[in-house]
Amino acid sequence: MAAIVNPLDLDGKHILVTGASSGIGREVAILLSRLGARLIITGRNSERLQSTVALLHGSDHVVAPFDLAHLDDIPKWIKALTKSHGALNGLAHCAGQQISKPIKMVNADFINKLTQVNISAGLLLARGFRQKGCFVPGGAIVFIASASSLVGQATNAVYCATKGGIVMAARALAVELAASDIRVNCISPAMVETEMLDRFKAILTADRFEELKKGHPLGLGRPEDVANAVAYLLAETGRWISGTNLLLDGGALAGG
């Protein structure tokens with residue numbers, strides 16, 4: 001009888017997950033560990049990261065608190081991590097920020113804040129990953145973008161712009177890093193039931209939230225829906241995929 005093959009097997013793979021202290025990042029870390037990966041998980045809150053590591057399967061996972069706002073330190077931080085714990089097979093960049101503001105309230109500080117978190121950190125993580133000795137050829141980078149990268153939304157111009165920016169950055173990086181045998185892709189979820197959605201919901205009327213919810217024919221997403229897609233792109237199943245933006249939206253944009 002032929003052996004059973006799991007194409008999503010990540011046994012022996014070493015993967016860095018950002019934003020792992022909550023929401024999508026936490027669920028990504030849990031699933032990747034269940035598939036056999038050895039993880040470095042990061043975020044700003046050490047206590048919440050410890051809560052995440054307690055949910056992981058397997059052993060030898062590393063908790064590495066870090067504030068991605070320290071942009072210029074990111075490549076050096078990755079170099080130090082890989083020197084201590086080994087080269088990376090993958091990077092899942094799940095950290096991000098969503099804040100809605102009408103354009104009349106937008107200023108330079110607000111634009112810079114969202115750009116720093118949603119674009120700049122991803123670019124410098126890619127730079128760090130690409131360093132000699134930091135990655136294993138055949139490795140992959142996955143950025144979590146947003147369905148907001150594909151559709152205009154009132155009061156969300158800056159967020160839409162930053163998520164559109166990381167999608168285009170991933171396409172450019174896919175071309176540039178192919179020579180190093182590194183794949184780069186994005187995943188763009190629509191509304192997913194996370195703490196971030198709870199904060200967004202708090203600024204809406206109940207009727208407006210129900211209207212947005214009804215716009216998802218398959219209902220709202222769950223963090224595990226996004227985690228499944230991340231695993232697909234990091235594993236051998238994604239071997240021939242680079243420069244793409246995978247839309248996860250419960251059919252929300254199907255008719256648009």
Side-chain angles (χ1 to χ4, degrees), residues 6-70 73-74 77-98 117-118 121-122 125 128-129 134-136 139-144 146 187 189 191-202 220-238 248:
N6 175 12
L8 292 172
D9 182 24
L10 292 172
D11 189 44
K13 303 298 184 183
H14 190 207
I15 299 172
L16 171 63
V17 181
T18 74
S21 58
S22 63
I24 288 171
R26 173 175 284 177
E27 198 64 38
V28 166
I30 292 169
L31 177 61
L32 297 184
S33 74
R34 292 181 66 189
L35 293 170
R38 180 169 61 94
L39 304 178
I40 299 174
I41 61 170
T42 190
R44 291 177 297 177
N45 189 307
S46 297
E47 284 188 18
R48 296 178 75 177
L49 287 172
Q50 290 296 338
S51 297
T52 297
V53 83
L55 299 172
L56 301 183
H57 295 244
S59 58
D60 297 325
H61 305 299
V62 173
V63 175
F66 185 78
D67 187 347
L68 293 173
H70 301 302
D73 292 335
I74 291 173
W77 173 68
I78 291 180
K79 191 75 171 178
L81 283 176
T82 54
K83 184 176 181 179
S84 298
H85 305 291
L88 296 166
N89 299 95
L91 163 64
H93 179 35
C94 305
Q97 192 164 31
Q98 194 281 324
V117 174
N118 294 341
L125 283 164
F129 185 91
C134 291
F135 73 98
V136 177
I141 297 170
V142 177
F143 296 128
I144 302 300
S146 169
I187 293 171
M191 292 173 64
V192 178
E193 294 175 329
T194 63
E195 296 94 327
M196 186 181 290
L197 180 62
D198 290 338
R199 291 192 295 270
F200 181 57
K201 182 179 178 181
L220 299 183
R222 298 190 298 266
E224 52 264 40
D225 296 319
V226 185
N228 289 338
V230 172
Y232 174 78
L233 290 173
L234 289 176
E236 186 66 13
T237 41
L248 304 179

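Computation of the quantities below employed the complete heavy-atom set of this structure, encompassing side-chain atoms and omitting hydrogens, waters and symmetry-equivalent molecules.
Contact annotation: the side chain of Val142 never approaches that of Leu91 to less than 4.5 Å [non-hydrogen atoms, C-beta and beyond]. Using a 4.5 Å heavy-atom cutoff, the side chains of Thr42 and Pro65 are not in contact. For the pair Phe66 and Asp73, the minimum side-chain heavy-atom distance is below 4.5 Å. Residues Thr82 and Leu88 are in side-chain contact: their nearest non-hydrogen atoms beyond the backbone lie under 4.5 Å apart. You'll find the side chain of Asn89 stays beyond 4.5 Å of the side chain of Leu234, heavy atoms only. A heavy-atom distance below 4.5 Å is not found between the side chains of Glu27 and Ile24. Annotation: side chain of Leu233 is in contact with side chain of Ile187 (closest heavy-atom distance under 4.5 Å). In this structure the side chain of Leu125 reaches within 4.5 angstrom of the side chain of Trp77, judged on heavy atoms.
Looking at every heavy atom in both residues, Ile41 comes nearest to Ala20 through CB-CB, 3.6 Å. Across all their heavy atoms, Cys94 and Val17 have their closest contact at SG-CG1, 4.3 Å. Residues Val28 and Ala92 share a closest heavy-atom pair of CG1-CB, 4.1 Å. In terms of heavy-atom proximity, Asn118 sits nearest to Gly96 at OD1-CA, 3.4 Å. Val136 and Ala87 get closest at one heavy-atom pair: CG2-CB, 3.9 Å. The shortest heavy-atom contact between Ala95 and Thr18 is N-OG1, 3.2 Å.
Atom CG of Leu220 is separated from atom OG1 of Thr194 by 10.0 Å, given to the nearest 0.5 angstrom. Here CZ of Arg38 is found 9.5 Å from NE2 of His61. Values are rounded to the nearest 0.5 Å. With rounding to the nearest 0.5 angstrom, the OG1 atom of Thr52 is 10.5 Å from the CG atom of Leu39. To the nearest 0.5 Å, atom CZ of residue Arg26 and atom OG of residue Ser51 are 5.5 Å apart. Between atom CG of residue Leu81 and atom NZ of residue Lys83 there is a gap of 12.5 Å, rounded to the nearest 0.5 Å. Remark: Ile40 CD1 to Ile78 CD1 distance equals 9.0 Å, nearest 0.5 Å.
Looking at residues two or more places apart in sequence or on another chain, you find no salt bridge (charged side-chain N to carboxylate O under 4.0 Å, His left out) involving Glu193. Here Arg44 pairs with nothing under the salt bridge (charged side-chain N to carboxylate O under 4.0 Å, His left out) rule; sequence neighbours left out.
In terms of modelled atom types and a separation under 3.5 Å, the side chain of Asn228 and the main chain of Glu224 share a donor-acceptor contact. His14 contributes a side-chain N or O that, together with a main-chain N or O of Gly86, makes up a donor-acceptor pair within less than 3.5 Å. In terms of modelled atom types and a separation under 3.5 Å, the side chain of Ser21 and the main chain of Gly43 share no donor-acceptor contact. With Ser33 contributing its side chain and His57 its backbone, the two residues share a donor-acceptor pair below 3.5 Å. Checking side-chain atoms of Asn45 against main-chain N and O of Arg48 turns up a donor-acceptor pair under 3.5 Å.
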Exercise. Take Gln50 and Val63, measure what side chain to side chain contact (heavy atoms under 4.5 Å, CB included) needs, and give me the verdict at the end.
Key: CA-CA 7 Å; Gln50 290 296 338; Val63 175; 4.0 Å; yes
